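Letters go in sequence order (proteins before strands), and every chain restarts at 1. This is a predicted model, so every value here is computed, not measured.
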Number of protein chains: 2
Amino acid sequence: MNAMISTSEKILDVAQSLIVAGGYNGFSYADISDAIGIRKASIHHHFPTKAELVAALVDRYRQQTELGLKALREQSASPADQLQAYVNFWQACIQDATLPFCVCAMLAGETPMLPEEVASRVRAHFHHLAGWLTSVLRAGAEQQLIRLDKRPDDEAQMLMASVHGAMLSARAFGDPGMFAAIVKPQIARLLVANR
Amino acid sequence: MNAMISTSEKILDVAQSLIVAGGYNGFSYADISDAIGIRKASIHHHFPTKAELVAALVDRYRQQTELGLKALREQSASPADQLQAYVNFWQACIQDATLPFCVCAMLAGETPMLPEEVASRVRAHFHHLAGWLTSVLRAGAEQQLIRLDKRPDDEAQMLMASVHGAMLSARAFGDPGMFAAIVKPQIARLLVANR
DNA sequence: ATTTGTCTTCCTACTAGTAGGTAGACAGAA
DNA sequence: TTCTGTCTACCTACTAGTAGGAAGACAAAT
């Protein structure tokens with residue numbers, strides 16, 4: 001009946017939800033051990049050090065994101081829809097608490113005391129996400145669906161910051177709806193002539 | 001030669017810079033002890049538990065913020081200038097690394113595993129800051145210096161999220177200039193006819 | 001077919017060091 | 001004298017990480 005999910009995947013799953021809740025220093029091997037019913041030492045077999053574990057986790061996260069964003073570009077017709085779908089994805093994650101915060105946004109806050117191998121991967125995720133947003137915005141501007149006041153990459157950075165800040169506010173206020181309340185208007189102002 | 005700064009203030013100063021670097025679980029009594037040359041037990045005399053220490057820290061932080069924002073309202077003539085000054089303040093803090101991140105933004109990310117006495121104070125800070133921004137935006141709109149697409153409190157939440165998200169991006173990219181690059185355009189779009 | 005060796009995964013048992021926190025003594029100031 | 005701040009010395013629980021071995025899977029050699 002087990003969905004044939006490997007132990008190392010289970011470890012990463014648990015570690016991810018723990019990181020999302022409390023960051024790099026907010027979980028221990030013992031926590032993972034308890035959650036999946038395996039000894040601490042066995043986790044060290046799969047991931048010798050905590051830094052390696054989290055680095056692998058961020059790699060997987062970025063890979064999943066990459067896949068998700070690619071799927072989004074292929075499914076949604078217009079750049080405007082792609083933007084909406086991206087925001088809706090996070091809205092759903094936050095609402096049903098499956099992934100109530102971006103792993104890399106969480107870790108980014110802790111940058112100053114993150115192992116370099118983790119910090120560099122977090123930076124890579126930020127670069128990648130900003131790149132995706134830039135290309136969507138640029139395409140939208142070319143098709144005259146989106147109106148940009150600044151260069152596409154600047155607008156992408158602004159949008160990304162809004163998304164992360166909105167996650168933070170949703171958490172601080174304990175109100176999942178706050179995310180959409182902040183991000184949707186930011187999207188709306190980019191869309192040309194919404195009538 | 002000591003500037004007559006009390007031990008408990010020193011403790012809070014060090015704890016604050018450590019929290020800003022690594023969050024609630026990113027520092028220990030031993031770290032503070034090492035930094036100010038006092039035994040761990042002596043810190044427990046001033047702040048019996050870690051939760052109490054951080055709660056006191058956030059109280060002080062909010063109080064300082066309150067004072068700073070009030071001063072800002074009294075010094076700066078127009079609401080537009082107040083907004084600019086607020087952003088400039090953070091820009092300076094991030095640039096010279098005196099306070100490269102908002103204490104409460106840091107803690108907000110860790111909300112799910114924060115002691116309730118800390119979480120509630122972080123929430124209070126968010127409320128207070130949002131309130132200040134709302135009143136500045138409302139005043140600006142009344143004087144027709146600021147153009148609001150949405151209700152003042154919604155625009156305030158959007159601005160606050162931008163500020164926090166911009167701090168996160170500046171950290172992730174290791175580029176202090178990123179903060180201003182993201183926030184300044186957000187302010188600019190609110191200002192009416194900038195010529 | 002059985003043995004041999006290797007690889008993987010997990011285990012028990014352990015280490016050194018750190019976590020937050022406590023008890024009690026002492027010195028100086030009020 | 002009592003109160004405040006600091007100290008030494010200690011506690012229990014937990015931290016990441018290690019040592020060494022048991023059990024099974026697989027493949028090649030016998």
*Looking at DNA chain D, which of residues 23-30 of chain B put a heavy atom within less than 4.0 Å of it?*
none

*Which pairs with one or both residues in residues 165-185 of chain A pass side-chain hydrogen bond (donor to acceptor under 3.5 Å, both in side chains), sequence neighbours excluded?*
A/Asn88-A/Lys184

*Report the nucleotide, chosen from C/dC10, D/dG17, D/dT6, that has the shortest atom-to-atom distance to any side-chain atom of A/Thr7.*
C/dC10

*Residue pair B/Leu145, B/Leu191: steps toward the side chain to side chain contact (heavy atoms under 4.5 Å, CB included) verdict*: CA-CA 6 Å; B/Leu145 295 166; B/Leu191 301 181; 6.0 Å; no

_Pairing residues for A/Ser33 by the side-chain hydrogen bond (donor to acceptor under 3.5 Å, both in side chains) criterion, not counting sequence neighbours_ = none

*asked:* Can you tell me if A/His45 touches the phosphate of C/dC10, counting only side-chain N or O atoms and a distance under 4.0 Å to OP1 or OP2?
replied: no

*What pairs of residues pass the ring-ring contact (aromatic ring centres under 6.0 Å, His included) test when at least one of them lies in residues 65-84 of chain B, not counting sequence neighbours?*
none

_Whole angstroms only, please: what is the NZ-P distance between B/Lys50 and D/dC14?_
15 Å

*Specify the separation, in whole Å, of atom CG of B/Leu18 and atom P of C/dA19.*
11 Å

*With sequence neighbours excluded, residues passing side chain to side chain contact (heavy atoms under 4.5 Å, CB included) with B/Gln63*: none

_Restricting to side-chain hydrogen bond (donor to acceptor under 3.5 Å, both in side chains), what partner residues turn up for B/Arg60, sequence neighbours left out?_
B/Glu9, B/Asp13

*asked:* Please list all pairs meeting ring-ring contact (aromatic ring centres under 6.0 Å, His included) that have one or both residues in residues 64-84 of chain B, counting only residues at least two apart or in different chains.
replied: none

Contacts table for residues 97-111 of chain A: side-chain donor-acceptor under 3.5 angstrom, sequence neighbours left out:
unit_1: A/Thr98; atom_1: OG1; unit_2: A/Asp96; atom_2: OD1; d: 2.8
unit_1: A/Glu110; atom_1: OE1; unit_2: A/Tyr24; atom_2: N; d: 2.8
unit_1: A/Glu110; atom_1: OE2; unit_2: A/Tyr24; atom_2: N; d: 3.4
unit_1: A/Thr111; atom_1: OG1; unit_2: A/Ala108; atom_2: O; d: 2.4

*A/Ser42 side chain N/O closer than 4.0 Å to the phosphate oxygens (OP1, OP2) of C/dC11?*
yes

*Relative to each other, are the rings of B/Phe173 and A/Phe126 parallel, tilted or perpendicular (30° and 60° limits)?*
perpendicular

*Where along residues 110-118 of chain A does a heavy atom come under 4.0 Å from DNA chain C, residue by residue in number order?*
none

_Using OP1 and OP2 only, check whether a side-chain N or O of B/His46 sits under 4.0 Å from D/dT4._
no

*Got a sec, which pairs hit side-chain hydrogen bond (donor to acceptor under 3.5 Å, both in side chains) with one end in residues 118-129 of chain B, sequence neighbours left out?*
B/Asp59-B/Arg121

_Tell me which pairs pass salt bridge (Lys or Arg N to Asp or Glu O under 4.0 Å) where either residue lies in residues 64-79 of chain A, with sequence neighbours left out._
A/Arg62-A/Glu66

*asked:* Output the rounded distance in Å from CD1 (A/Ile38) to C1' (C/dT8).
replied: 12 Å

*asked:* Generate the contact string for nucleotides 22-30 of chain C. Rules: B means base contact, S means sugar-phosphate contact only, - means no protein heavy atom under 4.0 Å.
replied: BB-------

*Roughly how many Å is it from CD1 in A/Ile43 to P in D/dT15, rounded to a whole number?*
11 Å

_Whole angstrom value for the distance that separates P of D/dG5 from CZ of B/Phe47_ = 11 Å

